[in-house]
Each structure stands twice: as structure tokens, then as C-alpha cells.
Amino acid sequence: MGKHTQCVHSGSMADRVTRGLNTPIFTSSSFEYLDVPENVYPRYFNTPNQKAVSEKLRALENTESGMLFSSGMAAISTVIFALASSGDHVVMQRDIYGGTHHFATAEFERFGIEFAFVGNAAQEFEKAIRENTRLVYIETPSNPLLRITDIAAVAKLAKSRGILTAIDNTFASPINQNPHDLGIDIVIHSGTKYLGGHSDLCCGAVLTSQAIMDRITASAVNFGGSLNAVTCYLLERSLKTLGIRVETQNRNALALARHLQDHPRVTTVYYPGLETHPGFDIARRQMRGFGGMLSFELDEKQIQPDRFARKLQLITPALSLGGVETIICAPALTSHVKVSAEDRREMGISDGLFRLSVGIEDVDDLVADVDRALE
Ligand SMILES: Cc1ncc(COP(=O)(O)O)c(C=O)c1O
């Protein structure tokens, strides 16, 4: 099935009692255990609503198995702690979501997990791999600089050494990019972003093979970051329009990126769909669309970043991303505030950097709002 058909139909559980079209919300946290094939319980990740949405996402990412979590970080931390133990080594891309970066620097050492941050060229991963490396972790396009990592090259390299690979596919969404098809073992999403899409829920997802999922599940039931039935239902409802939302966001972001690139008060635009982006050729190869996220820097000699943000009328300065409404943030004050100033400098995140999460509004209104504030 095509992506839009999967969005609408995969995993849906018709209501056999009333013959309603939608998956009912099953609120029980207690299920009978006699004469059933497995014990069902929310923290075992196997309730009907959890299964319905996991199946839709599994289909969209073309993996054997899917699992939902209560946040993106619950998904990321569970995957890493399930697959890496004391004495193991993890190679991580340096330019990633600030929360994931902070998770590594704040938690790994306490649990005896060694790690290295590397640039996003495949050779950098190769150089960092050691005898005890168990996992290679990437994010592309990355948060917030939209750097592009060659997914197939990293997957091939890790596979040749018998090392598992995981990717944060949040920025691309399964509409624009399917990393498992390119050889990545584990695909992770902060579902709080594009999958939810309406800035009103928090969840995460992991999509992988059944064998790897069995290993992750063994730890996940202990860590307990499962998702409740009502949020599962909201997510299922949102996913039905994921394809049309993301395609509109792709179009709007490309138009805004081109517009900003030509503006005299903007010095740099980071968007993988611009021919001038260093990752453009790789992005074109591995993505179907370039996504709804872009970043840019203003010419601070001409315009104060804070004043610009306050002059916007339609676009709201706000945390998070991936919703239907266009929002803007300064990563140094939001998504990467927990990353030290020195690490931010090393990552290339300036204090004046803005990140736009482009929504589904009429693009002319977005352009007009940006132009008015720049003026
Ligand atoms: C790329 C990326 N991955 C993961 C996360 C963490 O997700 P959550 O906030 O749902 O835990 C975020 C949150 O901003 C993100 O931007």
C-alpha cells in the first residue's frame, strides 16, 4: 500500500459491536488472564490501542515490529539502555536533539557506558568505532542544523562490524524517509512532533525487527514508559492525515527557505532542499521530501534576533515542532538549553540561530509575517 493508504487504514481495528469505522478506545488496565494467549497490561505494551497504532507505524516504516512510548525520550533511553550495558561503547552523532545529547552526557557514565560524539561523515563514525562498540546512533536531518548523514553508508559500515544502528527519524517522519529500507536496524520517533502533528500530545515510537524488539521489550517492561489508551487514539487519529500534512509542510518549508535565502537581512539558511546545502545530494537520494524544518541566522548588524521574534504576529515563538501551526525557536534557549555553551559552539549552534517548524498555513501568509518582522 502507498503511504497515504497506510496512514488511513493500517492497524485500524473496526468496532465489531457497533460497526463503527474507528478503533474504539479501550481504557481497561485490567484484562482477564484465563484462556488467553498472553497477559495483557498497559506496561506490557500490548493493549488493543497500543497494538493498533504500533501496527500503523510499523507499516509506515516498513519494519516487522513497532512499539509506542510515553515520550520520544522514553523511546530513546529505553532503546539505548536495552542494548548497551556497562563496559559497552556507543558512537553518537554530535549534532542531535539537545535532550538526547544531554541524556548521553548526564547518564551514560553513571551506568558505565562509554560513548563518543562524532561529526556526521561516515568516516568519522568509522574512526570512532572500537572493539566494544555496540550501537551507532544517528539523527538526520539533525536538530537544529539540518545536517544530513548518509544513512546507507553508516548502516553498511556498522553492519560490516556487527554493530547495531539506531536513527532518530523525527524530523523526516516516515513520509519523507524510511531508514530501515536503507539498512538501519532501529527507527525511533518523538511522536510528539509530526506523528501527533497538532501540538497536543506527547509520545514516542520504536520500529524494528521482531528479534531486536524482543530484546528492547525485555527492558521496556522494567522501565515502564508505555503510552495510555486515550493518547494512542489521538495519535491514531492524527496519523490518518500525516501524509497530507507533511507534504504541505515540505512545500511550505522549501518556499520559505528560498525566500529567506534571498533576503538581505538573513545571512545563512539551513535547509536540505536548497541546492546550496552541503547535504543536498545525499538528502535527494535518501528522502522523498525535504521536511518542514529549517534554520537560519540573521545579520545581527542589521537586526536584533530577539526583536525579530517579538515582531512576528502569525508565527509563535514556542517549544517543540511538527505541528500544523508554524512556530519558531532559538535552539540555544530551548531545544539545546541543557547542552553546555562550549558543546553548543562545537555543534555550530550560535545564540542567534532560529529554527522554524513550518506548518500547513497558506505560505503567502507565512512569508508576509516573516517579511514584516524583518522589516
Ligand atoms: C529530534 C528529536 N528527537 C527526540 C525528541 C524528544 O522527544 P520528546 O520530547 O517527545 O521526549 C525531540 C524533542 O524535541 C526531538 O526534537
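Order of appearance sets the numbers: ligands from 1, and atoms from 1 within every ligand.
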When you measure from [atom] to every protein heavy atom, which one gives the shortest distance, and what is it?
atom                    : value
atom 9 (O) of ligand 1  : Lys193 NZ, 4.0 Å
atom 6 (C) of ligand 1  : Tyr97 CE2, 3.4 Å
atom 7 (O) of ligand 1  : Ser190 OG, 2.9 Å
atom 10 (O) of ligand 1 : Thr192 OG1, 2.6 Å
atom 11 (O) of ligand 1 : Met73 N, 2.8 Å

For this session: Say whether Glu139 and ligand 1 are in contact under the criterion: heavy-atom distance to a ligand atom below 4.0 Å.
Result: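 Judged by the 4.0 Å heavy-atom criterion, Glu139 does count as contacting ligand 1.
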For this session: Would you please determine whether Leu321 falls within less than 4.0 Å of ligand 1 on a heavy-atom basis?
Result: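 Within the 4.0 Å threshold, so yes.
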Do the side chain of [X] and the main chain of [Y] share a donor and acceptor less than 3.5 angstrom apart?
X      : Y      : result
Asn49  : Val230 : no
Arg147 : Asn120 : no
Thr47  : Pro42  : no

For this session: May I ask you to check whether over 12 heavy atoms, not counting those of Glu32, lie within 6.0 Å of atom CD?
Result: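 No, the 6.0 Å shell around CD holds no more than 12 heavy atoms from other groups.
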Could you tell me which atoms of ligand 1, counted from 1 in the order shown, lie closer than 4.0 angstrom to a heavy atom of [X]?
X      : value
Asp168 : 1 (C), 2 (C), 3 (N), 4 (C)
Ser71  : 10 (O), 11 (O)
Asn143 : 16 (O)
Thr170 : 1 (C), 3 (N)

Exercise. Do any N/O atoms on Ile76 end up under 3.5 angstrom from N/O atoms on ligand 1?
Worked result: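 No: no nitrogen or oxygen of Ile76 is under 3.5 Å from one in ligand 1.
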Exercise. Quick one: do Arg110 and Glu107 make a salt bridge, cutoff under 4.0 Å?
Worked result: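 Between Glu107 and Arg110 there is a salt bridge, with a charged N closer than 4.0 Å to a carboxylate O.
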Exercise. Is the centre of the Phe115 ring less than 6.0 Å from the centre of the Phe103 ring?
Worked result: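 Ring centres of Phe103 and Phe115 not closer than 6.0 Å.
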Exercise. Can the ring centres of His101 and Phe117 be said to be less than 6.0 Å apart?
Worked result: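 Ring-ring flag for His101/Phe117: true, centres closer than 6.0 Å.
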Exercise. Relative to the ring of Phe308, is the ring of Phe296 parallel (under 30°), tilted (30 to 60°) or perpendicular (over 60°)?
Worked result: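 Perpendicular, since the angle between the ring planes exceeds 60°.
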